Every structure is written in structure tokens, then in C-alpha cells.
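Report on one structure; see the data block that follows.
Keep in mind the model is a prediction, meaning the values are calculated, not measured.
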Amino acid sequence: MADDPKASWGRINLDYDVAEAKAEGDRLRAEFDNALKLMDEDPEWPMNTLNKEQQQDWPRPPSDKREAPRDFKVIAPGLKKRTTKRRATDGPATPARWGDVVAVALRARVATARDPFSDLERADVLVGALAVPKCLSWAAASLVVGERATFEAASACAFGDPKRADADLPDGVAASDDIVLDLELLQVVRPVGQGDAPVHDASGPLGAGAVLKVVEAKGEGWRTPTARSDVTYSATARFTPDAWAWPGDEDATTLVGGCSAEILDDAPRESRGTWNPAASCVRTDPLRLACEAMATGERCVAAVRAKGEAWALRLIDFAEHEDCSPADRPGSVTKRTVRRSSGAAGFPNDLDVVEVRGLVKNADGVVACCYGSAVGDAPGEAGEAVFWRLDEDARASFVSAPGALFAPLCRGLELAVKRMTVGEVADVSVRAPDLGFVRPPSTAKAPLEPRLDDMAAFHYGGVDGANSSVADARCYGAGLEARLELVSVARHGDGLAATVLSDPLKRAEQFLDLADEAKALGAAHYKRGAFARAARRYGAAVAAAAVAATALETVQPEGLRFDPEDATGFAYARPSGYSSFADDVRRDSSDATRPRPRRRRDPSEDPRPWPRRGRDPPPPRKIRVPGPRRGRDPAPLERSGCQPAPPRPIDPGTARP
């Protein structure tokens, strides 16, 4: 091999000697065998021949690298964990959750003893049961199926509960002893929320497992309170554990097993929400959080982990707070639901005719107006009501005397009605004065140009809007309080989709009529200066026209050809019969207009056949062989079979020196 090995790096060594390479390999094998012999005689070799700095830099083989023992990690107050066996890597991990019934393998002993006081190969336990020691529930909740770990629990987290000082303990265990658990999670037997008596986690912001509940009797409907709701509930009993349960016991698989019940009075309790959207609505009361996971009339038992107790609760009713304000003014209009509707109908939209009843007052209790009769206590009671078209009419008409008896309207009440469903009763609060009743312009002399307040006033939004006024002038420009009930809703254009679904042309005609109507309303608002409302009407017109355009795209009038550049004749044609556009194209297409399919080329033929596009084939390409340069030997050309060109004569007068 070469003397300098670096000179041949990255290049092929053409001076490779097989005998020299074999000798080098034999030398390395002998050196390796000698090193193994020295290591057998002295296990510390070669480290004992090096100083400390050399020992730190000395590379160690992978077999000598030992993983440092894992330290204990605190997972709960008074509880530490160290993993001794990890789960198999095949498949997703299945963790244990609070409320699960799991199967575990357990070996428990006192920290100062060697012999275990409990050795179970398989036993079931409910994670979060009140009678089970807290350390055992915390330990099981930190494992996944197939994982094994060692836990060190302090006495306060084990059997040191002062409420159960007289409870029987395992043999050889005192309440002041620290214990060590060797726990392995084998299987999740019953996940949370499943089974005959499922356990649900209702902890909310308190963290997983803080509040667990078991449903005893289901409630009405599916709606549950939120953090902003006013909740009314009652607590009928309180459960306190008076004994200890261990995995494998019957009480260890139920939430309140081994607990004694204390009967409480069934007096209603209230927990108020907040209407202010800017205020924090985070609740930390565990009983309130349990009620937020219940339906009206539901009965359940809620266990609170921090207190070590459970309560039997019944949700009486709740009232929901909702912000109905414009997007740029949160909190100006709010709605508190007193009685919810039984159906699942949607909210009314602009141009829908709504029928409402109720009483409107100012913040001081002065009656501003009455929309028919007051709201009754029982649902479905008959009475007088008023009706108007949303975002269009400036006053409401009484149902018993339409066109003769009117009531005033305001923007704030309309915003609340748009967030109600049929049959719902709500308390509406209008806190912004400009969204309440605004004094109408003077009727003695019409202003030449409407004032800014008049343009923003809801009374100025339609014909004869100033003729309906409130009962007391003190209600102008003041906050309002009202209890309203949405009796019925007549949808704008309701029934069109169902009646004309089978006839797209009629469907297009009716939606074009709706577009013309919305356009006329927008033009009227534009003329009087209500540009925002005019923009909403124009938007409704565009939406209706889009539905008509969609219907027209699915049909083709008979006898006409669709021309994308001039579609007016097709769009406004109304023949007696029509056919689909696809059938018409197939019927009228001819061989002259139908595109010809591309011919598949035979692989054996020339990839560029000639003649092509009516042109003659090009002449064969001439290859010019250059002649030899001056002073050049023409022998290579002769050997290649090519004849060089004769040399050109050189003019002595133009030759370079």
C-alpha cells in the first residue's frame, strides 16, 4: 500500500496488494485477541493504565453503558412514582382514566417492612372510589395498560384519613405508616361513561377526577346549564366513607361503596351566573360543576375528591344567559331564558313575521308598552299578541286589530327576539339607551334633513313609524327590561322549496320574485338614508337570485342552445316544455361538431410519420466533416474511414507572420 494513506482517500488505489492486505488483517485479529486476553486477566484494563483525563475521553463500548436508575417523580401530594416496566410498543396506549373500572396486579408493603401485606395477581378497582385509599386511585390513573411502576405513598395519602381513624386496617399496617406499592395495570374492564351504572367525569376546570357522578334518574331533554346559567338545585343526602376498601372488594368497584348516608333537607339552592360577556365565568364550586353536567329533573350522586365526600343532587331548573348584542357592543343586549321551547326550531331571520307577547318596562319599573297580554306562568296559554316583520317594520300591529292598533318597537328588543325559538320565554335587558326606544322626529314640521339621532332611531325605519309611541316619555332613551314570549314565526318565502322542488323553472320564477321584492325594499330604505338596512335588503336579493340561477343551470329550454356568452335568451325563456341540457347536447351533436377521439399510435410505426400537416418531409441532414487544420496530422481521419477535404490555398499576402 502507499506510504501516505491520506493520499489515497476518496480515490481508487491502483497499487492494491492482496498479500499485504491479508497480512494487515491477520495483524489486527491478533491484536484484538490479545486485548481480549488482557481483559479476562484484568477487568479494569485498559482503564487502570490511563489517568483521569484520559479515562473521561476513553470511548466505552455500548455493552458497558448502563442506564442510570430512574428517579422517583412526584405525581400527587405525598405520592411518588418510578416506572419499572414499560408497555409493549405495538398498538396505541390505553391509559386509565378517573371513573374507569380497571384490573390491576398489586403488591403492597409497609415502607419499613420487607414482607407484603397484600399480594394480588388480579383484582378490580374503580379509579376514584371514595372507600379506596387516595394513593391507589392516583397510582392507577397514572398508568397505561401493560405498564408497571413502584409508588411510595406517605401516610396522609394512604391510610392517614382522620375521618376513618376507627376503620379497620390490614394486619401489620398503622395509620401513620408509609406504604410502597408495586402496581401493574392489566386491563380497563369498564371505561368511564359505560355500563349499567356509568360513572361520568364532571370536573370541568378543576381537572380530571375532581368531580365524579353516577346518574340515578335521567332528566328531561338534552340541554344542560353552562357557566353563565342561573342554576337551581337541591341536595338530599351526603355520603361519607367510614371503612376502607381494597382492590378485589365489592365496595372498591362502586363510587360510594363503604359510605354512610346523611339525609339533608330538600331546600332549593341557587347558583347565579353572569350576563356580562367580559366577566369571567369559571366556576370552582364542585357541586355547581356537577349541576352543569345534568339535565332538568336529573338525579345523581356526585363525589368530590378533594373533600372525600359525595352528595345526592337534583337539578330543579336553570336559566341561560345569552348575549344578543351587536358584534361591536358586547353586553348591551342580553337575554335570560326563563322557559325553553320544547321543539328544536331555529331562530327567526330578517323579513320573517314574528308573533310576540309580553310587557316592556324601563329600569325603574315604569311601563313603556304592552305587546298584547302579559306572559303567563303555564306554557301554551292563550292571549293577545302583536306581530311585525323583522328588520323591516317600524311598529308592531295587534293580532286582534291589525292595521288599527299599534305598539312601538326598538332595535334592542328585535335583537333579542332573533335569538329566541318558538315557545321560549325570556327576560330581555337592553342596557344601551340608543338601542331602546328613541324619541321619534317631530310630526308638526318634518325636518328637511333627518338628524343623526333620527337616522339611527328604529322608529324612523318605516312609513308611519312615528305614529306609535311609548306610554310614558320617561322610557325614551332609557334602559329597558322585558319578559317576552315568541308565539309563532312565519318564514319569509316559506314553502317555496317544497312546492316547486320538482319544477326548477317555477322555483326560479318564485325566487326571482323574492329578489325583486327585496330589491324594492332596499331601494325604499336607500331613498330615506337608511343605508345599512338597504344593504341588508340588497344582500337578500342577491341570495334569492343565486338560488334562481342554480335552478336554471339544471335545465335547458326545448329548442334553444345554451350560449355562455349570451345567456339572456336562455335565462328568461319560459317555454311549455324543456329537457335536460345533457340530453339536448347528445341529440343535436353531429359528426362535424363532435370531437374525434385521439387515435392510438402503433408502437411499430415511425413516431413522427410524414407527411405531417400537409408538409413535405424535410431533406436528409448533411453531415459535414471538417478538414485538418494547418500543422495537423490527418492520420486519425484516415483511420476512421473519412476523407478529409482538400486544403485551401493560402495567399502569401494575407498570411499571418
Side-chain angles (χ1 to χ4, degrees), residues 324 326 333 335 341 345-361 367-375 382-428 430 434-441 454-471 475-476 480-495 514 517-518 520-522 524-525 528 530 532-534 536-537 539-540:
C324 307
V333 180
K335 175 176 69 74
S341 61
F347 301 123
N349 301 318
D350 291 345
L351 301 181
D352 291 347
V353 178
V354 295
E355 184 180 349
V356 179
R357 70 163 57 97
L359 189 64
V360 183
K361 304 178 181 180
V367 177
C369 65
C370 185
Y371 293 153
S373 59
V375 179
E384 184 61 55
V386 298
F387 68 92
W388 75 92
R389 178 173 289 188
L390 289 176
D391 200 36
E392 183 62 30
D393 293 343
R395 55 184 180 176
S397 300
F398 278 75
V399 176
S400 59
L405 190 60
F406 303 98
L409 295 174
C410 67
R411 187 64 176 169
L413 295 180
E414 265 213 350
L415 292 174
V417 171
K418 288 182 179 180
R419 299 298 301 173
M420 297 175 63
T421 56
V422 177
E424 179 181 347
V425 178
D427 290 337
V428 180
V430 181
D434 59 322
L435 296 179
F437 294 116
V438 182
R439 190 181 300 275
D454 296 337
M455 291 178 62
F458 193 77
H459 287 86
Y460 205 71
V463 181
D464 298 330
N467 295 338
S468 57
S469 59
V470 298
C475 298
Y476 285 121
L480 301 177
E481 299 289 339
R483 173 164 288 193
L484 303 178
E485 178 184 1
L486 182 59
V487 181
S488 64
V489 176
R491 302 287 182 180
H492 179 62
D494 190 15
L514 292 180
E517 178 187 358
L521 295 175
H525 292 308
R528 65 180 183 82
R533 191 170 297 182
R536 291 194 290 270
R537 298 293 87 82

### Query
Which atom pair, heavy atoms only, marks the closest approach of L486 to M420?
CD2-O, 3.5 Å
### Message
Which heavy atom of C324 sits nearest to which heavy atom of L415, and what is that distance?
### Response
O-CB, 3.5 Å
### Query
Sequence neighbours excluded, which residues qualify as side-chain contact (heavy atoms from CB on, under 4.5 Å) partners of A482?
V360, L413, L484
### CD-CD distance between E485 and E424, expressed to the nearest 0.5 angstrom
10.0 Å
### Query
At what distance, to the nearest 0.5 angstrom, does CG of L359 lie from SG of C369?
8.0 Å
### Message
Contact between W388 and V353 at the side-chain level, heavy atoms closer than 4.5 Å - yes or no?
### Response
no
#### Entry: Set of residues satisfying side-chain contact (heavy atoms from CB on, under 4.5 Å) with respect to D352, sequence neighbours excluded
P348, N349, V489, R491, H492
### Query
Relative to F347, does R419 satisfy both conditions: NZ or CZ under 6.0 angstrom from the six-membered ring centre, and within 45 degrees of the ring's axis?
yes
### Message
Under a 4.0 Å threshold between the charged nitrogen and the carboxylate oxygen, would R537 count as salt-bridged to D350?
### Response
yes
#### Entry: For K335 against A426, the heavy-atom pair lying closest together
CG-CB, 3.4 Å
### Query
Excluding sequence neighbours, so at least two apart, what forms salt bridge (Lys or Arg N to Asp or Glu O under 4.0 Å) with E355?
none
### side chain to side chain contact (heavy atoms under 4.5 Å, CB included) evaluation trace for V386 with V399
CA-CA 5 Å; V386 298; V399 176; 5.8 Å; no
### Minimum heavy-atom distance C475-L480, with the two atoms named
O-CD2, 4.3 Å
### Minimal non-hydrogen separation, A374 against R357, with atom names
O-CD, 4.2 Å
### Task
Under the salt bridge (Lys or Arg N to Asp or Glu O under 4.0 Å) rule, collect the residues that match up with E481, sequence neighbours excluded.
none
### Query
For D391, does its backbone N or O pair with a side-chain atom of E414 as donor and acceptor, under 3.5 Å?
yes
Review item, side-chain donor-acceptor pairs of residues 401-408, under 3.5 Å, at least two apart:
none

### Query
With distance as the sole test, does E392 use its side chain to make a donor-acceptor pair with the main-chain N or O of R389 at under 3.5 Å?
no
### Task
Measure the OG-CZ distance between S397 and F387 for me, rounded to the nearest 0.5 Å.
4.5 Å
### Message
Please give me the minimum heavy-atom distance between D393 and L409, naming the atom from each residue.
### Response
O-CD1, 3.9 Å
### With S400 via side-chain contact (heavy atoms from CB on, under 4.5 Å) - residues at least two apart
E384, F398
